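Okay, so here's the structure we're looking at.
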Number of protein chains: 2
Amino acid sequence: MPAVIENYWVTILKALGHPTRLQIVIELLKGTKCVTDIHDILPASQANISQHLTVLRNARIVDFAQDGSQRCYYVCRPELVEGVLELLRNEQPESKAKKVQCCLRKPENADGHQAA
Amino acid sequence: MPAVIENYWVTILKALGHPTRLQIVIELLKGTKCVTDIHDILPASQANISQHLTVLRNARIVDFAQDGSQRCYYVCRPELVEGVLELLRNEQPESKAKKVQCCLRKPENADGHQAA
DNA sequence: CTCTGATATTAGAATATTCGAATATTATTT
DNA sequence: AAATAATATTCGAATATTCTAATATCAGAG
């Protein structure tokens with residue numbers, strides 16, 4: 001699990017971890033929309049939406065197709081995004097730990113735990 | 001999709017959207033660990049790890065079981081977290097938009113688009 | 001109660017994010 | 001070319017996040 005990959009994962013999660021951006025993505029999943037459409041739907045300024053779209057684009061979550069002077073934005077990884085939303089929707093009740101014992105830190109099983 | 005729910009989703013995504021916290025969660029999925037265990041594994045100070053664990057706990061992603069003076073942390077929503085990681089691993093190639101046309105903003109189909 | 005290991009909290013500086021205002025760019029129409 | 005609609009960029013202030021250093025708390029051993 002190289003650090004490079006996880007950095008990319010973090011970029012994706014961070015991009016989704018903002019209310020406006022999550023809303024944008026949810027709306028785009030319903031269908032491709034241009035910036036003004038999104039602006040009509042969400043309570044944010046045009047510039048701000050454009051900024052958030054840039055963040056989402058840098059995370060490679062959305063992309064756009066130019067259509068005249070409009071940019072038709074769409075989710076370019078729908079399975080990823082829908083999957084995440086699906087998991088969030090199916091919120092399970094928290095599970096308690098099965099068994100409490102966790103680590104080898106206890107004296108009796110100290111086997112090369114502190115720096116060798 | 002009430003705002004309250006999405007706020008919670010954002011909290012979860014934001015919590016996962018940090019390199020150290022994502023690492024912590026990945027490690028905890030392998031097995032319950034106390035803070036010192038995590039500290040041994042990851043390049044961060046004890047205080048910092050404790051802080052990140054607090055963030056993860058507030059997002060209800062992890063919880064702990066007290067075991068003497070230790071706190072055995074574990075992922076309390078394993079399906080959610082593993083599901084997200086699984087989706088990130090199966091990174092699909094980006095999909096291009098099927099068809100370019102997107103919105104009703106065009107003059108010819110302007111039907112109640114601007115404020116009625 | 002004191003000592004120690006384990007963990008948490010606080011405070012503050014460093015850094016990053018967010019957003020509005022203003023401006024720039026790009027494509028289309030006239 | 002000028003006007004206009006659509007979108008992007010830049011700047012800067014406000015705010016939030018992150019991290020380190022220091023300190024506090026808490027549990028068990030002696």
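In what follows, every chain begins at residue 1, and chains take the letters A, B, ... in the order their sequences are listed. Computed from a prediction, not measured in an experiment: that's the story for all the values here.
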Taking only N and O in the side chain of [X], is any of them less than 4.0 Å away from OP1 or OP2 of [N]?
| X | N | value |
| --- | --- | --- |
| A/Arg71 | D/dA6 | no |
| B/Tyr73 | C/dA6 | no |
| A/His39 | D/dA5 | no |
| B/Ser45 | D/dC19 | no |
| B/Ser50 | C/dA8 | yes |
| B/Ser69 | D/dG28 | no |

Atom [atom1] of [X] to atom [atom2] of [N]: distance rounded to whole Å?
| X | N | atom1 | atom2 | value |
| --- | --- | --- | --- | --- |
| A/Asp67 | C/dA27 | CG | P | 12 Å |
| B/His18 | D/dC19 | NE2 | P | 4 Å |
| B/Asp40 | C/dG5 | CG | C1' | 13 Å |
| B/Gln70 | C/dG5 | CD | P | 13 Å |
| A/Asp63 | D/dT7 | CG | C1' | 15 Å |
| A/Asn48 | D/dA8 | CG | P | 13 Å |
| B/Gln46 | D/dA22 | CD | C1' | 12 Å |
| B/His52 | D/dT18 | NE2 | C1' | 7 Å |

Q. Excluding sequence neighbours, so at least two apart, what forms salt bridge (Lys or Arg N to Asp or Glu O under 4.0 Å) with B/Arg60?
A.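 Per chain and number, B/Arg60 pairs via salt bridge (Lys or Arg N to Asp or Glu O under 4.0 Å) with A/Glu94.
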
(Q) For B/Ser69, give me all partners under side-chain contact (heavy atoms from CB on, under 4.5 Å), at least two apart in sequence or on another chain. (A)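 With neighbours one apart ignored, the set is empty.
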
Partner set under side chain to side chain donor-acceptor pair (under 3.5 Å) for [X], not counting sequence neighbours:
| X | result |
| --- | --- |
| A/Gln46 | none |
| A/Glu86 | A/Arg89 |
| A/Glu82 | none |

Q: Tell me, with the steps shown, if B/Lys33 and B/Ile41 meet side-chain contact (heavy atoms from CB on, under 4.5 Å).
A: CA-CA 10 Å; B/Lys33 286 180 185 59; B/Ile41 297 175; 3.7 Å; yes

Q.
Just verifying a value: how many Å separate B/Leu56 CG and B/His18 NE2, rounded to the nearest 0.5 Å?
A.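 Between atom CG of B/Leu56 and atom NE2 of B/His18 there are 10.0 Å.
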
Look for any protein N or O under 3.5 Å of an N or O in nucleotides 10-12 of chain D and output each such pair with its distance, or none.
from   : atom 1 : to      : atom 2 : distance (Å)
D/dT10 : O4     : A/Gln51 : NE2    : 3.1

